[in-house]
Amino acid sequence: MALRIDRDACTLCGECIPVCPFGSLEIREDKLVVLETCTLCGACVPVCPENALEVEEVERDVACNPDEWRGIWVFAEQRGGEIQSSSAELLGAARRLAEKLDVPVTALLPGADVKNASSLLSAGADEVLFIKNDELAHFGVEPYSKVISDLIEERKPEIVLGAATFIGRSLLSRIAVKVHAGLTADCTGLDIDTEKRLLLQTRPAFGGNIMATIICPEHRPQMATVRPKVMKPLEESYDSSGKVTELSADSLSNRVKFLEFVADDTSQINISEADIIVTGGRGLGDPKNFSLIEELADLLGGAVGASRSAVDAGWINYSHQVGQTGRTVSPKIYVALGVSGAIQHLVGMQSSDYIIAVNKDPNAPIFKVADVGIVGDLFEVVPKLIVEIKKLKGG
Amino acid sequence: MEFIVCIKQVPDTTEVRVDPETNTLIREGVPAMVNPFDLYAVEEALQFKEKAGGEVIAISMGPPQAEQALREVISMGVDRAILVSDAKFAGADTWATALTLSAAIRKIGDYDVILTGKQAADGDTAQVGPGIAEFLDIPQATFIRKVDELDPEARVLRLQSMWEEGSERLEVPLPCLMTTVKELNEPRLPSLRGKMAAKKAEIEVWTFDDLDVEASDVGLAGSPTQVVKVFPPPPRSEGELFSDVEPDEAAKIIAERLAKKGLF
């Protein structure tokens with residue numbers, strides 16, 4: 001198994017060298033060589049003008065017959081019996097994929113007392129499997145992964161989607177190992193290769209510096225977690241002919257004991273799922289100035305974000321941190337105030353739909369990603385902006 | 001007690017850039033480093049050892065030069081380091097990586113807590129930690145922001161796991177696996193003694209033959225997923241920059257854009 005170089009065809013043009021994300025290609029003594037850091041990702045293969053590069057096909061472990069697997073499943077997250085908004089986004093995405101594959105969409109809902117399970121039908125599901133057990137009232141990775149894996153093995157869906165939330169990421173990782181499936185994390189794009197009947201999963205990597213499209217050719221199901229706020233729910237309510245089917249689950253165990261949930265005192269709206277985020281950075285200069293950010297966020301019905309420097313200075317809780325060591329967000333509107341926009345911050349928010357930035361420094365990197373940039377003092381601009389918005393809202 | 005930390009050597013992703021002319025990655029001079037999230041795992045393991053006694057073992061799967069990452073954590077105080085490295089392991093996705101690392105952990109033998117960073121900064125999947133826990137059939141607690149207590153007598157860990165809107169307080173029996181976020185601690189800097197130790201340390205290298213794994217389960221061959229295309233992210237459309245406007249006007253411009261987005 002290796003990256004093969006056709007030395008007769010290779011002209012040593014060097015075009016492949018900068019493309020390698022791992023710096024694994026070098027020209028040494030008039031020869032292109034592959035270093036041990038090569039991960040066989042194949043990024044170099046398409047750029048070679050002479051088609052001299054090839055990742056050797058390997059004998060893969062054929063785990064199943066893909067033709068026996070049909071249908072798309074969505075893991076619907078509930079907390080305290082409330083179905084989370086990510087479910088409608090996933091069902092929207094699943095519906096669009098289902099059209100191309102001509103298969104039904106099933107929502108999986110583990111829980112105990114869940115309100116409004118049928119809302120998953122109008123959000124796009126042909127059927128809801130409500131797995132009901134008191135052990136499933138609160139998320140536990142062991143009972144959840146057990147009931148879902150058992151169902152996967154019994155009913156054989158070709159695709160299983162979950163949200164890339166704290167729960168979704170922890171859960172699907174364990175299920176993928178249990179059922180020997182391929183799992184792609186934090187996808188921002190999903191499509192179908194209709195010819196090969198494969199799920200095309202696109203996601204950012206290297207801190208958002210490159211995008212990769214990933215497939216799972218031989219294993220089923222094809223599993224993916226999907227970045228919250230990226231997929232759109234259906235615009236119109238789905239005319240589902242299906243129903244909510246209640247399933248029981250027995251002999252569930254959980255070695256992890258849940259003690260209690262402690263809500264963050266500062267976060268009324270959590271930034272991962274907010275449509276609007278107003279973020280304050282070092283430019284605020286003082287923790288008490290976060291009240292200005294909060295006032296604007298409240299007015300817009302948004303959440304409060306913070307740059308790393310604001311969090312490290314102890315001005316605001318870590319749960320608010322946007323960026324590489326904090327959270328990745330994709331809201332509809334992102335307002336950055338006094339945030340310079342270090343690359344670590346940009347990778348956490350540059351997939352936002354619309355970015356507004358106010359900063360004193362005209363060379364601040366945040367302006368490179370901003371749709372609207374204002375070079376100015378946030379302490380002068382923001383109070384006036386608040387007045388202006390109140391005026392517009394009042395009128 | 002035995003504490004095992006899984007670390008990964010990653011390129012400093014903040015230094016990886018796409019050349020806007022050629023749309024390719026600029027790799028030149030990009031330094032390798034220990035995945036930043038793993039440093040919180042190393043620090044916590046060292047604190048566990050200081051409280052409960054025992055040994056901290058770091059393992060890493062990667063090419064031979066990942067040895068450097070292991071030396072770095074030895075300089076922080078890690079007692080023993082194992083590099084899991086073989087050409088057969090190349091091209092592994094998260095499934096094959098978790099399988100290989102869990103096989104290496106089985107070979108180590110007894111352990112009490114396995115620690116990993118919440119995710120690696122290059123792949124950002126957060127899948128390998130839970131994957132290892134599943135392969136080893138041990139309980140897991142992910143995205144840990146605070147350790148309330150390590151109780152060696154009762155053999156439990158009391159932890160706080162980070163969720164979107166708060167924390168879950170959990171009690172997890174040992175042996176278990178936990179993944180760490182930044183809020184957990186402040187990783188220590190290497191001491192002078194640590195640096196000396198790191199220079200002299202023998203890094204054990206375990207290859208394919210040392211582990212109880214099948215060739216069809218490791219590396220590219222054992223990976224259910226496959227990268228088919230790599231491309232630069234779509235460029236953001238050119239924005240408007242107002243560099244010479246009065247605050248009044250600036251406020252109007254922003255309010256108008258927000259209104260256009262249908263906010264009010």
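Atom set for the values below is all heavy atoms of this structure, side chains included, hydrogens, waters and symmetry mates excluded. Per chain, numbering begins at 1; letters A, B, ... match sequence-line order.
- Highest contact tally toward chain A, considering only B/D244, B/T142, B/V181, B/V228, is held by B/V228 [criterion: heavy-atom pairs under 4.5 Å].
- Considering every non-hydrogen atom in both A/V381 and B/A251, the closest pair reads O-CB, 4.0 Å.
- In terms of heavy-atom pairs under 4.5 Å with chain A, the best-connected choice from B/V172, B/L258, B/T94, B/I254 is B/I254.
- Donor-acceptor pairing under 3.5 Å is recorded for the side chains of A/T184 and A/Q201.
- B/R145 and A/D264 are joined by a salt bridge, as a carboxylate oxygen and a charged side-chain nitrogen come within less than 4.0 angstrom of each other.
- Counting heavy atoms of neighbouring residues, nucleotides and ligands inside a 6.0 Å radius, atom CD of B/E214 does not exceed 12 of them.
- Taking 4.0 Å as the cut-off between side-chain N and carboxylate O, B/K8 and B/D38 do not count as a salt-bridged pair.
- When each of B/A32, B/A250, B/A120, B/C176 is scored by its heavy-atom pairs under 4.5 Å with chain A, the top score falls to B/A250.
- When heavy atoms are compared at a cutoff of 4.5 Å, B/Q65 approaches chain A solely by way of its side chain, counted from C-beta outward.
- Scanning all heavy atoms of the two residues, the minimum distance from A/C16 to A/C44 falls at CB-CB, 4.0 Å.
- Salt-bridge formation is not detected for the pair A/D353/B/K261: no Lys NZ or Arg NE/NH1/NH2 atom is positioned less than 4.0 Å from an Asp or Glu carboxylate oxygen.
- Contacts between B/D248 and chain A at a heavy-atom distance below 4.5 Å involve backbone atoms as well as side-chain atoms.
- Neither the backbone nor the side chain of A/V382 comes within less than 4.5 Å of any heavy atom of chain B.
- A/R255 and A/E142 are joined by a salt bridge, as a carboxylate oxygen and a charged side-chain nitrogen come within less than 4.0 angstrom of each other.
- Contacts of A/F261 with chain B are made by both backbone and side-chain atoms, with heavy-atom separations under 4.5 Å.
- Proximity to chain A involves both the backbone and the side chain of B/F242, based on heavy atoms less than 4.5 angstrom apart.
- For B/L263, the part lying near chain A is the side chain, with the backbone staying farther off; criterion is any non-hydrogen pair under 4.5 Å.
- The contact between B/A133 and chain A is made by backbone and side chain atoms together, counting heavy-atom distances below 4.5 Å.
- Within the 4.5 angstrom heavy-atom criterion, atoms from both the backbone and the side chain of B/D137 approach chain A.
- In this model, no donor atom of one side chain and acceptor atom of the other lie less than 3.5 Å apart for A/R308 and A/Q324.
- Proximity to chain A involves both the backbone and the side chain of B/F135, based on heavy atoms less than 4.5 angstrom apart.
- Of the N and O atoms on the side chains of A/D186 and A/T225, not one donor lies less than 3.5 Å from an acceptor on the other residue.
- Of the atoms belonging to A/V141, it is side-chain heavy atoms, and not backbone ones, that fall under 4.5 Å from chain B.
- For the set A/T328, A/I215, A/L171, the count of heavy-atom pairs under 4.5 angstrom toward chain B peaks at A/I215.
- Looking at B/W95, the atoms closer than 4.5 Å to chain A (heavy atoms on both sides) all sit in the side chain, from C-beta outward.
- Nearest heavy-atom pair across B/A121 and B/N35 is N-OD1, 2.9 Å.
- For the set B/A255, B/S85, B/S167, the count of heavy-atom pairs under 4.5 angstrom toward chain A peaks at B/S167.
- Between chain A and the residues B/D93, B/L99, B/I138, the largest count of heavy-atom pairs under 4.5 Å involves B/I138.
- Neither the backbone nor the side chain of B/Q160 comes within less than 4.5 Å of any heavy atom of chain A.
- No other option in B/Q119, B/E168, B/R257, B/K118 has as many heavy-atom pairs under 4.5 Å with chain A as B/E168.
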